[in-house]
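Note sheet for the following structure.
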Amino acid sequence: QGSGRQNKWLVARPPQSGKGPMASRAGLPEVAAAVADPAMVATQVTALVRTSLQEDWRRENSDEEVLDALADLLDALLDQLGSAAGESAKDHEAACAACLKLARNLCAGQPSVQQHWRRRGLVEKLAPRLRSDLVREEGERSIAWREAVPSFLANLVAGHPDLRVHVLLTLFPYGLAAVFTLCWHKPHLAFVLAQNLFAPRDGAEDSNGLLPERLQRLLETPEGHCLLLVLLSLVRGEGESEDAAVDIQAKEWASIFFHGLWLRKGFPLAYRGIRRLSAATLHCFLCQAAVPAGAAPEVAALALSRLAPRLCGRADAVGWLWHTVHGLLAGPNSIEDGDGATATATVLASAMLGDAAFVCLAAEEMAEACSQLASAWGLQWKPATISQEACTALGLELTDLDVHALAAAAADDGNTDQLDGAAALPEEVVEQEDAASRLWARGAGGPFEELMQAALALSMIASAGGSSSGLPPRLTGLYLIANV
């Protein structure tokens, strides 16, 4: 690719002026109609989308002639999508969305079809359009388009490791951000795509103890942390849909996605990364996502004005991260085992409590939360001094249970430019000099409550024998000191 030679995957056939015999059998319109009468194309292809739900039809119409005819239609429609105006623009958009849905359906169980869309460069052609749409003066595109794009990409990579890599290399991180922000009305579409892109295929990827490269990108880079913040914002309960079924789907797919990450010791990486996100970092990320190469940087202001109000602040993001832990451990994820905890919850709790990085993080956050809450509300709280005898019984050093030192370690995240400020705090706390930096000051209904719920769920499963080693001594001692 760096030698200047043409990438073999991006060789596209010239558009066909007429219908081939297979295209005629599939019922696809001619390419010329994409420009002349996109409304007719939308109607005709939408009918084919319904027909393509039949497996026999998909099998009969998955040959190269039909696929090339559909790809030619998409090429013509995508070329017009940015220049058409008025009703013509809506018709082009509807026709393009219908073609993407048909391409999506044809992927089902057909690796050869998935590879065909790769050879025709559909992902590369979609990426700049999606990023440009973030600053589209007319606002968001239609629901049909916003559903077609993420569902097409999810089906394109499903069960196909090579295409997963290809799509990640093409879209990560800014193209993915643009795709995720299409899904405010149906957040589960973003989580289905994220699951298909990032979830390990099998246990073999974990055999060397290292995270796969794609998970390293997501969990260990600022760009990946920004993407996780967008996903958390999608599922925090402030989406556009009022349909309870949509909310249920979002929570189900979010649970599947986060369960996979936390099971592979991803929680501390994600948590510390999101906590350290500064407003400047997020601002830069959104600007770059909204401004493809060659565009004027000033246009990013439009994208920021649309996206910023929808994104979590730091306190909300931290709260939702602990909410995922509590929800996965206490929610109805699987059949209950003999101790009352679910089988999946028991496995997850054991994995998290067996991770030294998670235990350290949980201890620091609990210490900081109690200290901040007491200070913010003027509570007469002073952590108990633990004796050397008690430390010896727990197998710990006195420094392991030093609440003030742990709280200081949690606060020392190097972030002086937080995502949220005094507006996120109760009126009683706002006037305090350092109120804006108090992550935990909201108390009930804020991240402190979620942290406590997660701690309770972990303790209950561990005490019931759900963790192979029980609750780690450091958390046992700290939970007692901080909360008794």
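All of these numbers come straight from a predicted model, not from anything done at the bench.
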Inset, instruction - Go through the steps to decide whether Glu60 and Val66 satisfy the test side-chain contact (heavy atoms from CB on, under 4.5 Å), and finish with yes or no. - result: CA-CA 10 Å; Glu60 292 171 3; Val66 174; over 6 Å; no
Inset, instruction - Please step through ring-ring contact (aromatic ring centres under 6.0 Å, His included) for the pair Tyr174 and Phe285, ending with a clear verdict. - result: CA-CA 8 Å; Tyr174 305 116; Phe285 177 84; 5.3 Å; yes
Inset, instruction - Verify side-chain contact (heavy atoms from CB on, under 4.5 Å) between Val179 and Leu130, making sure each step is shown before the conclusion. - result: CA-CA 7 Å; Val179 176; Leu130 296 171; 3.5 Å; yes
Inset, instruction - Apply the test ring-ring contact (aromatic ring centres under 6.0 Å, His included) to residues Tyr271 and Trp322: give CA-CA distance (whole Å), side-chain angles for both, the deciding distance (0.1 Å), then the verdict. - result: CA-CA 9 Å; Tyr271 186 94; Trp322 287 114; 5.4 Å; yes
Inset, instruction - Please step through side-chain contact (heavy atoms from CB on, under 4.5 Å) for the pair Leu231 and Phe180, ending with a clear verdict. - result: CA-CA 7 Å; Leu231 289 172; Phe180 289 164; 4.0 Å; yes
Inset, instruction - Assess whether side-chain contact (heavy atoms from CB on, under 4.5 Å) is satisfied between Arg129 and Arg141, documenting all intermediate values. - result: CA-CA 11 Å; Arg129 167 54 46 209; Arg141 292 196 179 274; 4.0 Å; yes
Legend entry - Worked verdict on Phe448 versus Trp440 for ring-ring contact (aromatic ring centres under 6.0 Å, His included): CA-CA 6 Å; Phe448 178 77; Trp440 307 98; 7.1 Å; no
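Of the inter-residue distances, the one linking Thr221 atom OG1 with Gln216 atom CD reads 10.0 Å to the nearest 0.5 angstrom. Considering CG of Leu218 and CD of Glu213, their distance stands at 12.5 Å, rounded to 0.5 Å. From Leu81, atom CG reaches atom SG of Cys96 across 5.5 Å, with rounding to the nearest 0.5 Å. For the atom pair CH2 of Trp184 and CZ of Arg146, the computed distance is 11.5 Å after rounding to the nearest 0.5 Å. The line from NE2 of His185 to CD of Glu140 is 9.0 Å long, rounded to the nearest 0.5 Å. Here the straight-line distance linking atom CG of Leu211 with atom CD of Glu220 works out to 6.0 Å at 0.5 Å rounding.
In this structure, Thr324 contributes its side chain and Phe258 its backbone to no donor-acceptor pair below 3.5 Å. Side-chain atoms of Lys125 come within 3.5 Å of backbone N or O of Arg120 as a donor-acceptor pair. Between the side chain of Arg236 and the backbone N or O of Asp316 there is no donor-acceptor pair closer than 3.5 Å. Using modelled atom types, one side-chain atom of Gln44 and one backbone atom of Gly27 make a donor-acceptor pair closer than 3.5 Å. With hydrogens and angles ignored, the 3.5 Å screen pairs no side-chain donor or acceptor of Asp72 with any backbone N or O of Val31. Arg214 places a side-chain N or O within donor-acceptor distance of the main-chain N or O of Ala199, the cut-off being under 3.5 Å. Side chain of Trp117 to backbone of Ala103: a donor-acceptor contact under 3.5 angstrom is found. With Arg131 contributing its side chain and Gln288 its backbone, the two residues share a donor-acceptor pair below 3.5 Å. Of the possible donor and acceptor atoms, one in the side chain of Glu449 sits under 3.5 Å from a partner among the backbone N and O of Gly445. Of the possible polar contacts, none joining the His225 side chain to the Leu277 backbone as a donor-acceptor pair under 3.5 Å is found.
The shortest non-hydrogen separation linking Leu234 to Ala190 is CD1-CB, 3.6 Å. Shown here for Ala148 and Ala97, the closest heavy-atom pair between the two residues is CB-O, 3.6 Å. Of all non-hydrogen atoms in Leu134 and Ala290, the two that sit nearest each other are CD1-CA, 3.9 Å. Heavy-atom minimum distance, Thr346 versus Ile461: CA-CG2, 4.3 Å. Shown here for Pro161 and Gly159, the closest heavy-atom pair between the two residues is CD-O, 3.6 Å. Of all the heavy atoms in Ala154 and Asn196, the pair that sits closest is O-ND2, 2.9 Å.
The pair Lys251-Asp247 does not meet the salt-bridge criterion, since no charged nitrogen lies less than 4.0 angstrom from a carboxylate oxygen. Taking the charged nitrogens against the carboxylate oxygens, Lys186 and Glu147 do have a contact shorter than 4.0 Å, which makes a salt bridge. Using a cut-off of 4.0 Å between Lys/Arg side-chain N and Asp/Glu carboxylate O, Glu365 and Arg275 are scored as salt-bridged.
Using a 4.5 Å heavy-atom cutoff, the side chains of Leu286 and Leu311 are in contact. Side-chain atoms of Leu219 and Leu228, non-hydrogen and from C-beta on, do get closer than 4.5 Å to each other. In this structure, the side chains of Phe198 and Leu168 come closer than 4.5 Å at one or more pairs of heavy atoms. The closest side-chain heavy-atom distance from Leu348 to Met352 is below 4.5 Å. No side-chain heavy atom of Val230 sits less than 4.5 Å from a side-chain heavy atom of Arg310. At a threshold of 4.5 Å between non-hydrogen side-chain atoms, the residues Val192 and Phe257 do not count as touching. At least one side-chain heavy atom of Phe267 sits less than 4.5 Å from a side-chain heavy atom of Leu361. Proximity of Phe172 to Leu227: side-chain heavy atoms (C-beta onward) are separated by under 4.5 Å at one or more points.
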Would you give me the side-chain donor-acceptor pairs under 3.5 Å for residues 104-114, sequence neighbours excluded?
unit_1: Arg104; atom_1: NH1; unit_2: Ser151; atom_2: OG; d: 3.1
unit_1: Asn105; atom_1: ND2; unit_2: Val49; atom_2: O; d: 3.4
unit_1: Asn105; atom_1: ND2; unit_2: Ser52; atom_2: OG; d: 2.9
unit_1: Gln114; atom_1: NE2; unit_2: Asn155; atom_2: O; d: 3.0
unit_1: Gln114; atom_1: NE2; unit_2: Leu156; atom_2: O; d: 3.0
unit_1: Gln114; atom_1: NE2; unit_2: Ala158; atom_2: O; d: 3.0

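For Ala357, the side-chain contact (heavy atoms from CB on, under 4.5 Å) test picks out Pro268, Asp355, with sequence neighbours left out. Remark: Asp37 pairs with no residue by the salt bridge (charged side-chain N to carboxylate O under 4.0 Å, His left out) rule, at least two apart or across chains.
At a cut-off of 3.5 Å, with distance as the only test, no side-chain donor of Thr43 or Thr46 sits close to an acceptor on the other residue.
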